[in-house]
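Working notes, structure below.
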There are 2 protein chains.
Amino acid sequence: MSTEGAKRQPKYQRIADELRDAIQSGRYQPGDRLPGENDLMAGHGVARMTARQALGVLQSEGIAESRKGAGVFVRSFRPLRRQGIKRLAQSQWGEGRSVWAVDTEDRTLVVDQVSVTEQGAPERVARVLGVEQGDPVCVRSRRFVLDDKPVLIATSYLLASLVAGSAITQEDTGPGGIYARLAELGSKPVHFREEIRSRMPSTDEAEQLKLSTGTPVMLICRTAFADEGRAVEVNEMTLDSASYILEYAFDA
Amino acid sequence: MSTEGAKRQPKYQRIADELRDAIQSGRYQPGDRLPGENDLMAGHGVARMTARQALGVLQSEGIAESRKGAGVFVRSFRPLRRQGIKRLAQSQWGEGRSVWAVDTEDRTLVVDQVSVTEQGAPERVARVLGVEQGDPVCVRSRRFVLDDKPVLIATSYLLASLVAGSAITQEDTGPGGIYARLAELGSKPVHFREEIRSRMPSTDEAEQLKLSTGTPVMLICRTAFADEGRAVEVNEMTLDSASYILEYAFDA
DNA sequence: AAGTGGTCTAGACCACAGC
DNA sequence: CTGTGGTCTAGACCACTTG
């Protein structure tokens with residue numbers, strides 16, 4: 001054994017480490033192709049499955065991604081900044097601005113797969129809205145696509161009895177969006193709570209967001225409150241974690 | 001083929017799907033042992049590596065975790081709630097309360113691996129603090145362990161010239177922590193910004209937080225500002241995503 | 001057409017957990 | 001000790017991308 005000493009880690013880990021170092025030191029740039037399975041087999045004298053396992057490590061770390069028939073490549077990132085408090089300031093939606101305009105920075109954001117239906121409230125939503133499970137709610141779903149890459153899926157739940165007949169039940173909610181309409185209905189949102197979690201995506205989520213392996217999702221559950229602490233909307237969002245930085249700024 | 005029609009997915013996916021359904025329908029509860037590699041080989045008539053791949057899917061989704069020599073088990077979760085704005089309200093630290101006391105909910109939280117050193121500022125920190133890269137900063141690191149499970153690693157950076165001689169350079173910062181001391185030094189934090197990202201952990205992070213495979217980390221970078229928008233602290237935190245729900249509540 | 005990654009098989013030896 | 005998952009080999013066929 002030429003390299004005496006530290007040799008207690010498996011071969012595939014040593015290969016993965018070597019590639020990771022090469023990436024972090026800049027020898028491979030974002031978008032570059034890494035040595036393929038055949039290269040690693042030849043270069044390290046190892047079986048196919050072992051070379052494959054090494055590349056699998058980098059993919060599950062989110063550092064590299066494979067493209068069928070082409071190779072394994074170093075991933076590149078260019079996240080959006082989502083300003084959680086500023087975006088919901090009244091000046092944003094009070095005058096008919098789209099809340100989404102603020103963080104796109106000259107890239108094109110398309111809204112996709114819009115659907116508006118009336119359904120029975122799921123248990124967790126019913127609890128927050130203060131109704132019974134199965135009570136009718138208006139469910140608004142939509143997907144946001146940035147430069148052909150889906151980055152966010154959002155589903156809003158609102159009390160059907162509250163929004164019946166308003167533009168909220170239409171695909172186009174009009175200037176200022178849902179919150180401007182709620183204000184007109186006498187349920188102006190004055191307080192918000194956002195809860196954030198992160199986990200690996202389900203198969204469905206990975207498909208809808210076109211996520212490459214090793215990419216977690218961030219989940220934001222926002223509740224909008226009108227006066228008296230009355231919850232008027234629950235919005236569940238699923239974000240591609242590689243596409244977003246969330247920002248919250250506030251005073252002590 | 002008995003089940004005609006939809007048979008275009010690989011065997012390992014079908015096996016994984018079947019197990020996932022069984023978990024989500026409650027047939028396997030958190031903590032339960034799943035069928036092992038041998039069971040799947042026998043039950044589905046597949047090779048070892050295929051059964052293994054199926055179990056690997058569930059692990060990389062964070063749904064299951066393997067224990068060497070024992071089996072593969074359904075994971076269980078019990079996250080903390082971290083109230084991002086409330087925790088930094090002045091009433092919390094103004095009277096000597098530990099900011100961490102608010103969210104432990106009767107479980108025991110231990111602070112671990114405390115270190116206080118003086119180093120040259122890394123580039124990204126220097127930029128935020130408004131100094132030159134390499135300028136001396138006080139670096140405070142610590143790890144938080146909840147019921148024997150590490151959940152958070154935090155590293156604070158403060159201008160060395162600002163905090164020299166204060167308790168901030170000691171392991172024990174005294175009642176009210178860093179922010180109370182900064183206030184005494186005439187740099188009371190009045191504004192905060194928190195930036196949140198998520199990604200898969202590095203090997204180091206996975207070790208320090210004892211993460212099981214398929215668990216992302218959440219990164220919080222908090223900047224504390226004194227009067228005139230002067231940045232006085234940068235705090236980089238790495239959280240086990242399975243242990244935390246972040247919460248931000250604010251008015252429109 | 002050649003090369004790539006994706007799936008799959010049928011073996012092997014090892015370290016570790018639990019009985 | 002027996003069974004478990006972790007590593008590793010040496011083949012195979014396939015679908016896809018690219019030149």
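By convention in this document, chain letters (A, B, ...) are assigned in the order of the sequence lines, proteins followed by strands, and residues within each chain are numbered from 1. Only heavy atoms go into these numbers, but all of them, side chains included; no hydrogens, no water, no symmetry mates.
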Between C:dG5 atom C1' and A:Gln59 atom CD, what is the distance in whole Å? 9 Å

Where the side chain of A:Gln53 is defined as all heavy atoms beyond and including C-beta, which of D:dG5, D:dT7, C:dG6 is the nearest nucleotide? D:dT7

Output every pair passing salt bridge (Lys or Arg N to Asp or Glu O under 4.0 Å) with a member in residues 200-209 of chain B, not counting sequence neighbours, ordered by first then second residue. B:Arg199-B:Glu205

Using atom CZ of A:Arg52 as one end and atom C1' of D:dA12 as the other, report the distance to the nearest whole Å. 14 Å

Nucleotide nearest A:Tyr12 (side chain, heavy atoms from C-beta), chosen from D:dC8, D:dC16, C:dC8: D:dC8

Phosphate oxygens OP1/OP2 of D:dT7: is one of them under 4.0 Å from a side-chain N or O of A:Thr50? no

Whole-Å distance between D:dG6 C1' and B:Glu65 CD? 16 Å

Mind listing the residues from residues 38-48 of chain A sitting with a heavy atom below 4.0 Å of DNA chain C? Number order is fine. A:Asn38, A:Arg48

OP1 or OP2 of D:dT17 versus the side-chain N and O atoms of A:Arg67: is any pair under 4.0 Å? no

Do other residues, nucleotides or ligands put more than 12 heavy atoms under 6.0 Å from the CG atom of B:Asp148? no

Distance in angstrom units between B:Gln9 CD and C:dG6 P, rounded: 17 Å

Test of understanding: with ring-ring contact (aromatic ring centres under 6.0 Å, His included), list the residues that count as partners of B:Tyr157, not counting sequence neighbours. none

Does a salt bridge link A:Glu195 with B:Arg81, judged by any charged N lying under 4.0 Å from a carboxylate O? yes

Does a salt bridge link A:Arg82 with A:Glu194, judged by any charged N lying under 4.0 Å from a carboxylate O? yes

Round to the nearest Å and state the distance from B:Gln13 atom CD to C:dC8 atom C1'. 14 Å

Taking C:dG5, C:dA17, D:dT9 as options, the one with an atom nearest any side-chain atom of B:Ala70 is C:dA17

Assess whether a salt bridge exists between A:Arg14 and A:Asp17, defined as any Lys/Arg side-chain N lying under 4.0 Å from an Asp/Glu carboxylate O. no

Mapping B:Met49 and B:Leu34 onto DNA chain D by nearest heavy atom, which one lands closer to the 5' end? B:Leu34

Output all residues satisfying side chain to side chain donor-acceptor pair (under 3.5 Å) with A:Ser66, sequence neighbours left out; order by chain, then residue number. A:Gln59

Residue-level proximity of residues 202-214 of chain B to DNA chain C when a heavy atom falls under 4.0 Å: none

Under the rule for side chain to side chain donor-acceptor pair (under 3.5 Å), what residues qualify as partners of B:Gln29, not counting sequence neighbours? none

State, without any angle test, whether B:Thr155 and B:Ser141 hold a side-chain donor-acceptor pair at a distance under 3.5 Å. yes

Can you tell me the distance, in whole Å, between the CG atom of B:Leu55 and the C1' atom of D:dG3? 15 Å

Rounding to a whole Å, what distance do you find between A:Glu37:CD and C:dG3:C1'? 11 Å

Rounded to whole angstrom units, what separation is found between the NZ atom of B:Lys68 and the C1' atom of C:dA15? 6 Å

When you look at A:Arg140 and A:Glu118, which way does the salt bridge (Lys or Arg N to Asp or Glu O under 4.0 Å) test go after all the steps? CA-CA 9 Å; A:Arg140 299 184 48 88; A:Glu118 187 168 312; over 6 Å; no

Presence of B:Ser66 side-chain N/O under 4.0 Å of D:dG6 phosphate oxygens OP1/OP2: yes

